[in-house]
Chemist: 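Once you've had a glance at the structure underneath, I'll fire off some questions.
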2 protein chains.
Amino acid sequence: MANASPMTIGDLAAATDTSVETVRWYEKVKLLPAPARSAGNYRLYGREHLRRLSFIRRGRDLGFTVDQIRELLALADDRDRSCAEVDTIARSHLAQVERKLSDLTRLAQELRDVIGQCGCGSVADCRIIEALSPHGEPS
Amino acid sequence: MANASPMTIGDLAAATDTSVETVRWYEKVKLLPAPARSAGNYRLYGREHLRRLSFIRRGRDLGFTVDQIRELLALADDRDRSCAEVDTIARSHLAQVERKLSDLTRLAQELRDVIGQCGCGSVADCRIIEALSPHGEPS
DNA sequence: TATGCACCCTGTAGCAACTACAGGGTCAAG
DNA sequence: CTTGACCCTGTAGTTGCTACAGGGTGCATA
């Protein structure tokens, strides 16, 4: 723990598996506070920035939108507040994910059906094209 | 079948469950050919446009990208060609869908785990926030 | 000391696939 | 002849970045 650490943007990016451009973009959209600057105008980050960016990245990995993460960060900063709002955000996100999951499941099955019918003859009697065409209409 | 039909853009949009703006956008990106115009400069569509737009919408519903649909349309127009290319596009799309499906399945489970731990006390000991935070670090 | 190279800066444009105006014109009904 | 629903073009916004262009900085090496 000898890490007194002003990190450059490249260090921070590497530490969080983020691209430098993305870090700058998080600053622009105010997910990440603007850090101090060096004499040569380089951004200098500390442990708190690292913590916050890690939070953001983990949230993104879990599929939260940037707006949801903004809310979560605001809630996390207000430690006396009830956790219920956090729970609400997470649950509504889960509901969305589950909706998308069931859509994709149906979709995959439809695709498998369509593909299964392909005898790979000529396009003229391709079942896939036919399945995409308005139902039953020829040429 | 008394439908000799020049449709307006609104009719076409309604018939395919598409927004008028989207129809115009498909024209701009050359998925849909520019139709004839009325005296008052209104777009006039016929049965072929309806057929093509239905194809496009069905493809989009099945999650094909606009580029993939463009390819599929080109293949469908060339009826002597082998159906193998169509099959390839569909299979690679299915593979993508299945990849996304497994990602989302994992994601949903992680979210359920995180949410399950929430006792809904104060944020200070919120498990959800903790799960998002860099591992094990307090405040 | 020069010079190369990796890194940093700002700002803008692009991606997918639309959506949402603003600021007009057209057309049929009443 | 006016109202209202529709249509036109063109541009900007959405999400979450990514990819430059055209510079400046900082450190090591010759």
Side-chain angles (χ1 to χ4, degrees), chain A residues 5-32 34-45 49 52-53 55-73 89 93 96-97 100 103 107, chain B residues 5-32 34-45 49 52-53 55-73 89 92-93 96-97 100 103-104 107:
Chain A
S5 70
M7 294 186 278
T8 67
I9 196 170
D11 297 336
L12 181 68
T16 52
D17 198 27
T18 308
S19 85
V20 165
E21 280 97 342
T22 300
V23 176
R24 282 195 285 248
W25 183 76
Y26 286 155
E27 180 179 327
K28 200 166 82 182
V29 301
K30 292 170 199 304
L31 269 188
L32 213 49
R37 296 294 180 115
S38 74
N41 201 32
Y42 283 21
R43 286 172 179 81
L44 295 178
Y45 296 96
H49 288 101
R52 199 172 174 98
L53 180 53
F55 185 103
I56 294 167
R57 295 303 284 178
R58 174 95 175 109
R60 293 290 301 127
D61 284 350
L62 285 176
F64 288 96
T65 66
V66 161
D67 272 355
Q68 287 174 320
I69 291 171
R70 223 190 302 273
E71 285 185 76
L72 289 172
L73 280 167
I89 294 173
H93 177 46
Q96 267 179 52
V97 169
K100 189 172 269 174
D103 285 356
L107 174 59
Chain B
S5 69
M7 294 186 277
T8 65
I9 196 170
D11 297 337
L12 182 67
T16 52
D17 198 27
T18 309
S19 85
V20 165
E21 280 98 340
T22 300
V23 177
R24 282 196 285 249
W25 183 76
Y26 286 155
E27 180 180 327
K28 200 167 81 181
V29 300
K30 291 169 200 305
L31 269 188
L32 214 46
R37 296 294 179 116
S38 74
N41 201 32
Y42 283 21
R43 287 170 179 82
L44 295 178
Y45 297 96
H49 288 102
R52 200 174 175 94
L53 181 52
F55 186 102
I56 294 166
R57 293 304 285 178
R58 174 96 175 106
R60 293 290 302 128
D61 282 350
L62 286 175
F64 288 96
T65 65
V66 161
D67 273 354
Q68 287 174 322
I69 292 171
R70 223 190 303 273
E71 284 184 77
L72 289 172
L73 279 166
I89 293 173
S92 104
H93 178 46
Q96 268 178 50
V97 169
K100 190 172 271 177
D103 285 356
L104 276 185
L107 174 60

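What's counted below: heavy atoms across the whole structure, side chains too, no hydrogens, waters or symmetry copies. By convention in this document, chain letters (A, B, ...) are assigned in the order of the sequence lines, proteins followed by strands, and residues within each chain are numbered from 1.
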Chemist: Give the B/S/- string for nucleotides 5-19 of chain D, one per nucleotide from 5' to 3', where a protein heavy atom under 4.0 Å of the base yields B, of only the sugar-phosphate yields S, and otherwise -.
Modeler: -BSSB-B----BBSB
Chemist: Does a side chain donor of either A/Arg57 or A/Tyr26 reach within less than 3.5 Å of an acceptor in the other side chain?
Modeler: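 Looking only at side-chain atoms, A/Tyr26 and A/Arg57 do form a donor-acceptor pair, the distance falling under 3.5 Å.
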Chemist: So, using ring pair (Phe, Tyr, Trp, His ring centres under 6.0 Å) as the criterion, who are the partners of B/Phe64 when residues are at least two apart?
Modeler: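 For B/Phe64, the residues satisfying ring pair (Phe, Tyr, Trp, His ring centres under 6.0 Å) (neighbours in sequence not counted) are B/His93.
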Chemist: Apply salt bridge (Lys or Arg N to Asp or Glu O under 4.0 Å) to B/Arg60 and list each qualifying residue two or more places apart in sequence or on a separate chain.
Modeler: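 B/Arg60 satisfies salt bridge (Lys or Arg N to Asp or Glu O under 4.0 Å) with no residue once adjacent residues are dropped.
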Chemist: Going from CE on A/Met7 to CG on A/Leu12, what distance comes out if it is rounded to the nearest 0.5 angstrom?
Modeler: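 Nearest 0.5 Å value for the CE-CG distance: 5.0 Å.
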Chemist: Are A/Asp103 and A/Lys100 within salt-bridge range, i.e. N to O under 4.0 Å?
Modeler: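 A salt bridge is absent here (no side-chain N lies under 4.0 Å from a carboxylate O).
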